Protein chains: 2
Amino acid sequence: MPATIRDVAKASGVHVSTVSRAFSAPQLVNAETRAHVLAAAELLGYRPNRAARALITGRTHNIGLIVADIANPFFPPLIKAAESHARGRDYHVFVADTNEDPGVEEELVLALAKQVDGVLLCSPRMSNTQIEQLSREVPLVVVNRPVPGLPAVVMDVAQGARLAMEHLVGLGHREIALLGGPRGSWTNREIRRAATLAARTAGAELVVLGPNAPTEESGSAQAEAVLRAGVSAVLAYNDLMAVGLIDALDHRGVKVPDQISVVGIDDTALSRRTRPMLTTVATPTAAAGRAAVDMLLQHGDDRRTTALVTLQTELVIRDSSGPGPHRTAGPGRRQQPPIDGVASESRE
Amino acid sequence: MPATIRDVAKASGVHVSTVSRAFSAPQLVNAETRAHVLAAAELLGYRPNRAARALITGRTHNIGLIVADIANPFFPPLIKAAESHARGRDYHVFVADTNEDPGVEEELVLALAKQVDGVLLCSPRMSNTQIEQLSREVPLVVVNRPVPGLPAVVMDVAQGARLAMEHLVGLGHREIALLGGPRGSWTNREIRRAATLAARTAGAELVVLGPNAPTEESGSAQAEAVLRAGVSAVLAYNDLMAVGLIDALDHRGVKVPDQISVVGIDDTALSRRTRPMLTTVATPTAAAGRAAVDMLLQHGDDRRTTALVTLQTELVIRDSSGPGPHRTAGPGRRQQPPIDGVASESRE
DNA sequence: TTGAAAGCGCTAACAT
DNA sequence: ATGTTAGCGCTTTCAA
């Protein structure tokens, strides 16, 4: 039987309201009394029941974190950073996984609504309208997608995709495939838009393949389509698909980057572990998690401060991208100085 | 302002207790009345407040999941499976990360205690005594370690380590290093015990290196020690360390498996993505997550059913293990039929 | 500075 | 089958 505020009151010879104040409004209670109370509480192992407190204050000190797929390596660093940051501010975090299902997203937000002070919606696949409606039930911060009227944290993937395309074009590629991501993904649309524009600007051709589930399997599944398209380079929606594609190409005896260059997006942990190591666009996922928590918690104070935080991305050149057929002249294959420490140890 | 049970009562012209029953004890209420109530609730967007309900029932329908490191690829599949399984039974999951710090573990359990019906403690680094004490505050299920008197789910890593050692010895290795894991890890002790025994049985020598943090970096950091030890094979505490070691050996020009064989443990997603693909001991992490949730939830009914569930492991032979110096005769390098589908596509 | 009393949203006896 | 009442653990007026 856990100790309640009443047990502490009895033990320290004061009224429950004094105990309450000793914990939640220390300045309203005599220092000596407070010391007594705290000592008694300590002795009894008393800890305030946050749920009971929430019932009256309306603040649960919990937040919800809803992601598309916990096992997708993109998310764990974000979850970890968000949880750690939230805990530092005395918030606990419910984590839930939608399995990329928009229907589950809504149900999850509604189910958590009463138990949290707000929800971080990461890479949602719902419509803007649905999201706006949900935000009337519980404060929402959207990650990886801007929603008009709501606070959001996004990564500048368009910038990343442009850098990736310029990198490929610079290497002499003129026929490039874009391995598209999931339907309903804002990130996917951004990438596509930026890649299309970059291709047009550079006079290159862009073949769009998709939409696809953002998994290794669907990356592999598109290998045939990539080969049929006759391109010399591929930009993938994420690292997972890039890796799946590389594997499938490998099994077909197609060499990366010798015959086909492949560039990923996200710079997840696996990009440094594959061979060849993956050239990819680094997205600051941990920073995004922390920023989203901050927005959610400060959002309580100044309401309707509908901010949009955009985090920068950068191109990390490793070994999966190499010279293309239209290469004219020039320097070594690196078009930019290596950004990542490990990349400089590439062995070719 | 979210609708409360009173709003629904008013709207449907019945007393609040009837509304309550309509939701939590349907058989006690007239079907017609219930339909009315449910319709009114639907209209108002009413959802029972679980925290308020918990205050009186004592059951929160929440569980806590505490892991050593969310970003360690071992955990996401476990978290995902546990969360999904729990949600299927109408439970929400708090996830927290201790960063491998035993002090944080205790604080976390205590902080969550009042808000959950139980906590899944994954790979805890605390002492048994501490864990037992904590279990008086809140029901605990321990994963990856048996604790006397408490329900637990463990993997038979001893069996896995034995298989791995036999595999290496069978390949002709007689000097083998064990890359130890973190201090306080039961899994680490099990592996060490089993590996030591297997080495003795086979007349091989086992050099134990460690303890180490279970990270890629510390795997890399032990490369020198491995070379100095003059062994021809290494069994690592986990895939992460195995991969780190392979990388570091590679940078030194040492070929795996030609010069040194490396075997990991866990069969995380990365084991299939590294080159060479990692020979490793597969641990059923998703199953462990589900089993732990089941134990926690059923534990409520039949108390003190201190069960220990042990899940089997198996050796997955891929490309990072090869013939050793003492190889006598025999068949191709595969000592066992490949267990994993991908392994059969290994290209040598 | 502290106590008394009301009540957050809900369930659980106990009546009827 | 439904209404009444009390109260879960806590905070917060309002008095004193």
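To find a chain, count down the sequence lines: A is the first, B the second, and so on, and within it residues start at 1. Since the structure is predicted, the reported quantities are computational estimates derived from the model, not experimental observations.
- For A:Asp97 (side chain) and A:Ile70 (main-chain N/O), a donor-acceptor pair under 3.5 Å exists by modelled atom type.
- When each of B:Leu55 and B:Arg21 is assigned the nucleotide of DNA chain C bearing its nearest heavy atom, the one mapping closer to the 5' terminus is B:Leu55.
- Contact annotation: B:Arg50 side-chain N/O to C:dC10 OP1/OP2 distance is not under 4.0 Å.
- B:Tyr46 comes within contact range of the sugar-phosphate backbone alone, with a heavy-atom separation under 4.0 Å but no base atom that close.
- Atom CD1 in B:Ile5 sits about 8 Å away from atom C1' in C:dT11, given to the nearest Å.
- As a whole-Å value, the separation of B:Phe23 CZ from C:dG9 C1' is 13 Å.
- Computed from coordinates, the A:Arg6 CZ to D:dT11 P distance equals 12 Å when rounded to whole Å.
- Of the listed nucleotides (D:dT12, C:dG9, D:dT2), D:dT12 has the atom at the smallest distance from the side chain of A:Thr57.
- Distance, B:Lys10 NZ to C:dG9 P: 12 Å, rounded to whole Å.
- Remark: the B:Asp117 side chain and the B:His61 side chain contain no N/O donor-acceptor pair separated by less than 3.5 Å.
- Taking only side-chain atoms of A:Ser17, from C-beta outward, the nucleotide of D:dT2, C:dA5, D:dC10 with the closest atom is C:dA5.
- In this entry the distance linking CG of B:Leu44 with P of C:dG9 reads 14 Å, nearest Å.
- Atom-to-atom, CD of A:Gln115 to C1' of C:dG9 comes out at 13 Å; the value is rounded to the nearest Å.
- At distances below 3.5 Å, at least one donor-acceptor pair connects side-chain atoms of A:Asn49 with backbone N or O atoms of A:Ala52.
- The CG atom of B:Asn49 sits 18 Å away from the P atom of D:dC8 (whole-angstrom rounding).
- C:dT11 atom C1' lies 14 Å from atom NE2 of B:His61, rounded to whole Å.
- Note on A:Thr4: only backbone sugar-phosphate atoms sit closer than 4.0 angstrom, heavy atoms only; bases stay farther off.
- Between A:Thr18 and the phosphate of C:dG3, there is a side-chain N or O to OP1/OP2 separation shorter than 4.0 Å.
- Side chains of A:Asn188 and A:Arg183: no donor on one and acceptor on the other come within 3.5 Å.
- Residue order along DNA chain D, read from the 5' end via each residue's closest nucleotide, puts B:Gln27 first among B:Gln27 and B:Ile56.
- Salt-bridge check for B:Glu83 with B:Arg89: failed, with every basic side-chain N at 4.0 Å or more from each acidic carboxylate O.
- The phosphate of D:dT11 (OP1 or OP2) has a side-chain N or O of A:Ser20 nearer than 4.0 angstrom.
- At a cut-off of 3.5 angstrom, the base of D:dG9 holds no donor-acceptor pair with the side chain of A:Arg47.
- In this structure, A:Arg34 reaches neither bases nor backbone, as no heavy-atom distance under 4.0 Å exists between it and the strands shown.
- A salt bridge links A:Arg125 with A:Glu100: at least one charged nitrogen is closer than 4.0 Å to a carboxylate oxygen.
- Nucleic acid contact for A:Val19: none, since no nucleic acid atom lies under 4.0 Å from a heavy atom of the residue.
- Along DNA chain C, the nucleotide closest to B:Ala52 and the one closest to B:His15 are compared, and the more 5′ of them pairs with B:Ala52.
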